[in-house]
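Working notes, structure below.
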Amino acid sequence: MSHTFHEIMTQPESWRNALQEAERVLPDWRAVLGREDTLVIFTGCGSTYHLAQTAASLFRVLVGRRAVALPGGELVLYGEEWLWGIPRDGQPAVLVAISRSGSTTETIRAVEIHQASGGQVLAVTTRPDSPLAAMARAGLILPAGREESVVQTRSFSSMLVGLNAIAALLGGHSQLWRAMQRLPEAAERLIDRYLPLARSIGEDLSIQRFYFLGSGARYGLASEASLKMKELSLSPSEPFPFLEFRHGPMSTVDEATMIVGMISDRHRHHEMAVLKEMQSLGARILSIAEQDATVALDSGVPLAGRGALYLPVPQLMAAYRALARGLDPDRPRHLSAVVTLNLEDPNEERSKP
Ligand code: F1P
């Protein structure tokens, strides 16, 4: 079995480790996050930027903290354009830097800039031996999520489960924390039950384009699922918040379109309505929800703690589509496991506004 498939199939075990580590490092996070009014900036690149988007949403909802997410490259080159005016009450923000490798140039540079301004950093990575792990005072280190493959699957979901657990614990959501202990076995059941469906969709090459819809904390997950489909199968794929899809993108819907909806609980009606409308235009649809969906998660975990469960079926769809297209999931075209750059500005003087 390829690295990619092996890593997708073994995610549940890495989630057990992530839950344990989240509880162990909680005192460090409390100490670094400090005052309630301190801004928390989440950053990462590509997949880990999408993880930052979801983590920021979870911190806003579960911890009640002001939290934002930015790609590492944007934070380095345009940080003031994105963050100017966001109140920090004179407090330097805390930066949560997320990087599977712990070596991506933009993320490391963002940490250096933040620390130079007196800010504190929390590192989330699978590599204890990485530059990022060495730079941060504390964080969440998950070697069980480590991967050989280029495309992130197990690493992403284990860091997500860890960050989700930390948010639940910091916010005092003890019932949610207890329910999240069911995630690994729910994921094992989910993969067993829906692998054949994911494979049949992945092998259906009459599908020519994909859309992944997700709102709130699930928008980052829809973005990650869309990136998987792009990276692994080289297929056109885009994420949208549910209601945004009607404002233009639906013009492309036809019989060769597949739309995957990451359905919430409380706004299920409005989200399913989008899927049904697109189905009437010819699209094939796949709903993922706790119950009453094409993919029923059947986890018993409240919405705010089950985000990772929306990922395995889209990951498998993308991996099987890669094989069906004669591609090697372990060697995605043009990609490398770590992006390293020279970010020094050659004309430092001239670049000032
Ligand atoms: C991030 C990254 C991903 C990309 C690919 C390679 O690296 O560039 O964004 O999708 O999986 O790795 P990292 O900073 O998380 O190690």
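Just so you know, ligand 1 is whichever comes first in the structure, and atom 1 is the first atom listed for that ligand. Side chains included, hydrogens not; waters and symmetry mates left out as well; all remaining heavy atoms used.
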Below 3.5 angstrom, do we get any N/O pair linking Gln152 and ligand 1?
yes
Parallel, tilted or perpendicular: which fits the ring planes of His267 and His270, with parallel below 30° and perpendicular above 60°?
tilted
Could you tell me whether Ser336 approaches ligand 1 through its side chain, its backbone, both or neither, with non-hydrogen atoms closer than 4.0 Å?
backbone
Without hydrogens or angle criteria, can the side chains of Thr340 and Thr105 be said to hold a donor-acceptor pair below 3.5 Å?
no
Here the atoms of ligand 1 under 4.0 Å from any heavy atom belonging to Gly46 are 9 (O)
Apply the side chain to side chain donor-acceptor pair (under 3.5 Å) test between Ser149 and each candidate in Glu7, Arg331, His6, Arg154; give the one that qualifies.
Glu7
I need the nearest protein heavy-atom contact for atom 7 (O) of ligand 1: residue, atom name and distance, please.
Thr104 OG1, 3.3 Å
Test your reading of the structure: does Ala337 have an N or O sitting under 3.5 Å from an N or O of ligand 1?
yes
Consider only side-chain heavy atoms of I, L, V, M, F, W and Y, link residues closer than 4.5 Å, and tell whether Leu309 and Leu311 are in one cluster.
yes
For atom 4 (C) of ligand 1, what is the closest protein heavy atom, and at what distance to 0.1 Å?
Glu231 OE2, 3.4 Å
Val150 touching ligand 1 at heavy-atom level, < 4.0 angstrom:
yes
Partners of Glu244 by salt bridge (charged side-chain N to carboxylate O under 4.0 Å, His left out), sequence neighbours excluded?
none
Classify the angle between the aromatic ring planes of Phe59 and Phe42 as parallel (below 30°), tilted (30 to 60°) or perpendicular (above 60°).
perpendicular
Is it the case that the side chains of Thr153 and Gln11 hold a donor-acceptor pair, with the cut-off being a distance below 3.5 Å and no angle test?
no
Check each atom of ligand 1 against the heavy atoms of Cys45 and keep those under 4.0 Å away; list them by number with element.
1 (C), 3 (C), 9 (O)
Report, in ascending order of atom number, the atoms of ligand 1 lying under 4.0 Å from any heavy atom of Arg100.
6 (C), 11 (O), 12 (O), 13 (P), 15 (O), 16 (O)
Where the closest heavy atom to atom 16 (O) of ligand 1 is concerned, which of Ser101, Ser103, Ser47 has it?
Ser101
Going by the rule salt bridge (charged side-chain N to carboxylate O under 4.0 Å, His left out), which residues pair with Arg306 if we only count those two or more places apart in sequence or in a different chain?
Asp265, Glu290
Could you tell me whether some N/O pair between Ser99 and ligand 1 is separated by less than 3.5 angstrom?
yes
For Ser226 and Glu238, which I'm curious about, is there any donor-acceptor pair between the side chains at under 3.5 Å?
no
Thr48 heavy atoms within 4.0 Å reach ligand 1 at atoms 1 (C), 13 (P), 14 (O), 15 (O)
Quick one: look up the protein heavy atom nearest atom 8 (O) of ligand 1 and list residue, atom name and how far away it is.
Val339 CG2, 4.1 Å
